[in-house]
Each structure stands twice: as C-alpha cells, then as structure tokens.
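Reviewing the structure listed below.
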Amino acid sequence: MKKHASNSEGGSKGKRPHWSMGLLNCMADPKMKVKEDDLIVAITDGYPKAHYHYLILPKEDINTIYDLKREHEDLLTHMENIAEDLIKNHPDHEFKFGYHAKPSMQRLHLHVISLDFDSPYLKTKHHWNSFTTDIFCPAKEVHEELRRNGFVKRMTVEEYQKLLNTELKCHKCSERSKNMPGLKRHLRSHISSKD
Ligand code: AMP
Ligand code: ZN
C-alpha cells in the first residue's frame, strides 16, 4: 500500500489530529504562547526560520486569507498592531509581517519574522523562497486587497510553483547563490556587518 507523505516538521498518523492542525494545539500551550487576548493568540514558531519568528492566530475559526471577508478588517488591524507590539522587544532586528500564499498549516496565521533568516530550521530553497518571494504576502497588502475587493484572490498553481523554484537570491543585496549552504554563509556576512 502506498505510504502517505508525512510532514517533516512534526506530526504523525493514527488517531492524533492531522499534522496540519498542529498550530491549534500550540495556541493552547502556555510554553508557546507569547501574547493572548479576546481575539488572538501569538505563539513562537516551533521551527523558527530566523532569530525571531512569531505566528499570530485569530481565535475565530478562519482557515486562510482566502476565507477573509470585509467584516474581518478590524481583526487584521488588530493582528498587525500585535505584530508591531511584538517587534518592539527586538529593536536591534528588522522584521516583516505576512501570510503565505499557500500555507501548510490550518488556521490563519500571520508570520512575524526577523530579516536575519539565520536559523538551522531554514534548510531548503522552498523555505527560502516562501519568505522572500511574492509567496510571502505582506500583511498590509492582504489587508488593502480585502478592503478594496472584499476578498483575497488566490495565486495560481503555476505562479506558486514558479516562485517556489526561483533561483536563490539574497533579500538584501544582489548576491545569487547556487545552493542553500552558500546562501546561508552569505546571509551571515550581513549579520556580522550589520547590513
Ligand atoms: P505556513 O507555511 O504559513 O503554514 O507556516 C506554518 C508555520 O508553522 C511554519 O513557520 C512552521 O515552522 C510552523 N509549524 C509547523 N508545525 C508546527 C508545530 N507543530 N508547532 C509549531 N509551529 C509549527
Ligand atoms: Zn546579500
């Protein structure tokens, strides 16, 4: 019998919930929670792709940006404000906030990530391109699209695949790298030189 693919970032088969529901458990885990109020829970990413990597999730059962409606605009503003609050703790780092065009995990989650991208969990070209190409949809742009159109348009599969396989490029300069070890070495040069 054909084996099901399992997520390399944790999870198992059997009676336990599907791995893609993992963030829902994290929302209830005091060790992962960094902030909570009536509307959201903010957690540390379990496999951080940078020095600081948080996820902000609404308590309302919204699965992805494609399920957002105009009535969620205040919630998005709130999530953006929480992101701004979180990064105040790290004035020595630059950050960006955004949603993945094709998330792997269930429940809407806003990534709040520092731009060093210095992490042992950042391993693959797909990881890199999911944070540094248009696969990463900036929070403000998603919000603006929702305000303008009343919904967020899906990226086509073709566009997504093309972006995922974009050649490796530094997000801070014109450097191109042949492989991830080379890119990671280059990224460390930005950290030490405080680019
Ligand atoms: P996305 O690709 O937007 O769905 O991102 C999901 C994020 O959740 C990634 O940054 C993962 O590192 C993180 N993640 C995946 N599984 C878990 C887990 N079980 N606990 C905590 N974080 C997780
Ligand atoms: Zn560079």
Side-chain angles (χ1 to χ4, degrees), residues 5-13 16-34 41-58 62-68 79 83 86 94-139 142 152 154-155 160-161 163-164 166-195:
S6 70
N7 186 324
S8 61
E9 293 185 326
S12 68
K13 296 194 292 173
R16 288 165 61 185
H18 191 259
W19 58 261
S20 68
M21 313 266 284
L23 298 182
L24 297 173
N25 292 335
C26 298
M27 289 174 79
D29 181 348
K31 289 192 293 296
M32 300 195 78
K33 246 186 259 188
V34 291
V41 173
I43 61 169
T44 49
D45 193 292
Y47 308 90
K49 307 297 186 290
H51 289 179
Y52 300 104
H53 188 178
Y54 302 105
L55 302 173
I56 304 174
L57 304 100
I62 304 167
N63 203 27
T64 69
I65 49 175
Y66 311 111
D67 300 300
L68 290 168
M79 289 167 70
L86 287 174
E94 289 178 273
F95 281 83
K96 65 179 182 178
F97 320 149
Y99 306 90
H100 276 146
K102 199 172 178 305
S104 56
M105 303 299 280
Q106 297 193 40
R107 182 61 60 90
L108 181 68
H109 45 280
L110 175 61
H111 290 265
V112 177
I113 187 160
S114 59
L115 297 189
D116 52 87
F117 291 112
D118 178 30
S119 162
Y121 293 111
L122 185 86
K123 292 178 184 159
T124 66
K125 184 179 197 176
H126 288 187
H127 284 155
W128 178 251
N129 284 334
S130 75
F131 284 99
T132 59
T133 68
D134 287 347
I135 289 172
F136 192 85
C137 309
V142 168
V152 179
R154 272 179 202 276
M155 181 177 279
Y160 176 72
Q161 286 301 332
L163 290 168
L164 209 50
T166 305
E167 63 174 328
L168 292 171
K169 283 187 245 175
C170 176
H171 63 316
K172 291 200 168 182
C173 76
S174 58
E175 178 83 5
R176 282 155 204 263
S177 302
K178 286 205 176 67
N179 51 39
M180 283 304 287
L183 176 66
K184 289 174 71 105
R185 264 195 309 279
H186 171 75
L187 293 177
R188 282 195 286 275
S189 76
H190 280 299
I191 293 172
S192 54
S193 66
K194 291 270 178 257
D195 192 47

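As the structure lists them, so they are numbered: ligands from 1, and atoms in each ligand from 1. Scope of the values below: all heavy atoms of this structure, side chains included, with no hydrogens, waters or symmetry mates.
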Handout entry: Geometry at the Zn ion (ligand 2) - His190 NE2 versus Cys170 SG angle, rounded to 10 degrees
Key = 100°
Exercise for the section: Enumerate the atoms of ligand 1 whose separation from the nearest heavy atom of His109 is less than 4.0 angstrom. Expected result: 1 (P), 3 (O), 4 (O), 5 (O), 6 (C)
Practice task
Identify, by atom number and element, the atoms of ligand 1 in contact range of Ser104, meaning under 4.0 Å from any of its heavy atoms.
Solution key: 1 (P), 2 (O), 4 (O)
Exercise for the section: Verify, without hydrogens or angle tests, whether Trp19 (side chain) and Met105 (backbone) share a donor-acceptor contact under 3.5 angstrom. Expected result: no
Handout entry: Close approach of His111 to ligand 1, heavy atoms, under 4.0 angstrom
Key = yes
Exercise for the section: Any chance you could lay out the ring-ring contact (aromatic ring centres under 6.0 Å, His included) test for His109 and Tyr99, step after step, and finish with the verdict? Expected result: CA-CA 7 Å; His109 45 280; Tyr99 306 90; 8.2 Å; no
Practice task
Would you mind running through ligand 1 and noting each atom that sits below 4.0 Å from a heavy atom of Met32?
Solution key: 21 (C)
Problem - Atoms in ligand 1 with a heavy atom of Lys49 nearer than 4.0 Å - result: 12 (O)
Handout entry: Test of proximity, Gly22 against ligand 1: N or O pairs below 3.5 Å
Key = no
Problem - Geometric N/O contact Thr44 with ligand 1, under 3.5 angstrom - result: no
Exercise for the section: Scan side-chain atoms only and decide if His126 and Thr124 contain a donor-acceptor pair under the 3.5 Å cut-off. Expected result: no
Exercise for the section: Could you tell me whether some N/O pair between Gly46 and ligand 1 is separated by less than 3.5 angstrom? Expected result: yes
Exercise for the section: Could you tell me if the ring centre of His111 sits under 6.0 Å from that of Phe131? Expected result: yes
Problem - Residue part near ligand 1, for Asn25, under 4.0 Å between non-hydrogen atoms - result: neither
Exercise for the section: Identify whether NZ of Lys or CZ of Arg in Lys96 sits under 6.0 Å from the centre of the six-membered ring of Phe136 and within 45° of that ring's axis. Expected result: yes
